[in-house]
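Heads up: numbering here begins at 1 and tracks the sequence.
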Amino acid sequence: EFRRSMSETLNAAVTYRHAERDGYHWYSIDPANGFPFVRYDSLPLLTGIYPATMLNRTRDSVKLTGDWAATSALSLNFSLEGGKDNYDGPGDGRLHDTGFQLYNVDAALALSEKWKMTGYASWGKQTLNMQQAVGYAADLEQVNTALGVGFAGTLMAGVEVGGDLSYVEDKNSYNLGMTTGAAVANLPDTSYRATLLKLFGKVAIDKKSDLRFDLIQQWAKYNDWTWESDGVPFAYSDNTTVTMQPTQNVTYFGVRYSYRFR
């Protein structure tokens with residue numbers, strides 16, 4: 001890790017991580033020789049599927065962080081990180097590698113002594129590459145996006161108000177192939193999107209007690225074929241079906257009284 005003050009208002013750091021894990025102490029059975037227990041790395045021609053927790057893994061990642069006091073009222077914090085895990089096993093039927101990218105920025109702005117604003121934005125991607133020994137090969141991808149802005153301040157002595165507005169989106173992609181070269185279609189994407197609005201007000205009754213009001217509204221939308229596909233609901237083996245409402249809205253209103261013993 002390397003840290004440095006770039007200027008009176010800017011600080012930054014770079015971190016590199018490397019890790020290795022050996023999983024060769026796991027044992028399997030050898031059906032060709034009467035099912036005896038053998039160490040799995042002694043059978044390089046095995047065609048089974050090996051659990052990722054028992055595979056040799058090499059991990060590398062790099063992270064850049066920084067904070068910048070742009071003005072006396074505005075400050076920014078950011079981070080960028082990326083990495084990859086490589087897995088090694090005796091056969092092709094296993095998890096091959098995973099990767100990730102993360103980008104994030106946070107901001108704080110003091111509008112006055114009584115009012116301030118905050119905001120953030122983040123984006124991330126995770127990938128996973130795996131396959132059967134003879135069969136499907138899956139290249140999976142998950143992308144996350146999040147945005148938010150908030151404010152808080154004092155209207156008058158003893159009265160505080162504030163609020164936050166945030167948005168999150170989670171999208172999964174399923175890219176499939178066959179080790180035999182046969183044609184196969186990708187699975188449909190799945191997604192989750194939600195917008196969340198929070199408002200609050202706080203009134204001081206006296207030096208020991210106060211009253212707080214909270215209003216929360218959420219708008220969420222699901223698009224997930226694992227629960228329902230083309231109008232056909234998911235069914236268990238006993239024909240019990242499970243359906244999901246694609247659009248879900250929630251409203252919450254709360255009142256809280258606080259008393260402090262001193």
Side-chain angles (χ1 to χ4, degrees), residues 67 70-79 102-126 142-173 188-236 240-262:
D67 58 85
T71 67
S72 59
L74 176 64
S75 62
L76 299 172
N77 291 275
F78 64 88
S79 64
L102 298 172
Y103 305 93
N104 183 75
V105 59
D106 294 275
L109 175 63
L111 301 174
S112 66
E113 293 184 358
K114 296 183 178 181
W115 293 91
K116 64 179 181 180
M117 291 188 65
T118 57
Y120 67 89
S122 66
W123 183 89
K125 181 172 74 171
Q126 302 178 72
Q142 182 183 52
V143 177
N144 310 96
T145 304
L147 304 168
V149 62
F151 75 96
T154 302
L155 282 177
M156 61 183 69
V159 180
E160 300 177 15
V161 295
D164 297 281
L165 178 63
S166 60
Y167 172 80
V168 62
E169 179 183 86
D170 180 40
K171 182 179 179 181
N172 294 272
S173 300
D189 293 346
T190 62
S191 64
Y192 167 76
R193 299 178 178 89
T195 302
L196 186 64
L197 174 64
K198 296 181 179 180
L199 300 172
F200 79 89
K202 185 177 179 181
V203 180
I205 300 175
D206 52 40
K207 293 182 178 181
K208 294 184 178 181
S209 61
D210 55 60
L211 200 60
R212 176 177 172 127
F213 302 89
D214 289 279
L215 175 63
I216 302 175
Q217 178 68 45
Q218 177 180 273
W219 301 270
K221 186 174 183 179
Y222 297 85
N223 179 21
D224 192 342
W225 53 265
T226 60
W227 295 97
E228 185 176 271
S229 179
D230 295 328
V232 180
F234 174 84
Y236 288 97
T240 301
T241 59
V242 179
T243 58
M244 180 180 65
Q245 185 176 343
T247 302
Q248 300 181 17
N249 300 327
V250 179
T251 303
Y252 168 83
F253 178 74
V255 180
R256 182 174 62 189
Y257 172 77
S258 300
Y259 182 85
R260 295 175 293 278
F261 294 91
R262 294 183 180 177

>> Can you confirm whether Thr195 sits close enough to Gln218 that some side-chain heavy atom of one is under 4.5 Å from a side-chain heavy atom of the other?
In response: no

>> Enumerate the ring pair (Phe, Tyr, Trp, His ring centres under 6.0 Å) contacts for residues 240-262, please, sequence neighbours excluded, ordered by first and then second residue.
In response: Tyr259-Phe261

>> Can you confirm whether the side chains of Gln217 and Thr251 place a donor and an acceptor under 3.5 Å from each other?
In response: yes

>> Give me each pair satisfying salt bridge (charged side-chain N to carboxylate O under 4.0 Å, His left out) with a member in residues 248-260, each pair once, sequence neighbours excluded.
In response: Asp210-Arg260

> Which residues pass the ring pair (Phe, Tyr, Trp, His ring centres under 6.0 Å) test with Tyr167, sequence neighbours left out?
Replying inline: none

> Any side-chain heavy atom of Phe151 within less than 4.5 Å of one from Trp115?
Replying inline: yes

> Which residues pass the side-chain hydrogen bond (donor to acceptor under 3.5 Å, both in side chains) test with Ser191, sequence neighbours left out?
Replying inline: Arg193

>> So, using ring pair (Phe, Tyr, Trp, His ring centres under 6.0 Å) as the criterion, who are the partners of Phe78 when residues are at least two apart?
In response: none

> Going by heavy atoms in the side chains, are Leu196 and Ile216 under 4.5 Å from each other?
Replying inline: yes

>> Going by the rule side chain to side chain contact (heavy atoms under 4.5 Å, CB included), which residues pair with Leu147 if we only count those two or more places apart in sequence or in a different chain?
In response: Ala121

> Side-chain contact, heavy-atom cut-off 4.5 Å: Thr190 with Lys171?
Replying inline: no

> Should the pair Tyr222 and Tyr192 be assigned to parallel (<30°), tilted (30 to 60°) or perpendicular (>60°) ring geometry?
Replying inline: tilted

>> Working to the nearest 0.5 angstrom, can you tell me the gap between Asp164 CG and Leu199 CG?
In response: 8.5 Å

> Taking the side chain as C-beta and beyond, is there a heavy-atom pair between Leu76 and Asp106 under 4.5 Å?
Replying inline: no

>> Under a 3.5 Å threshold, yes or no: a donor from one side chain and an acceptor from the other, between Asp170 and Asn144?
In response: yes

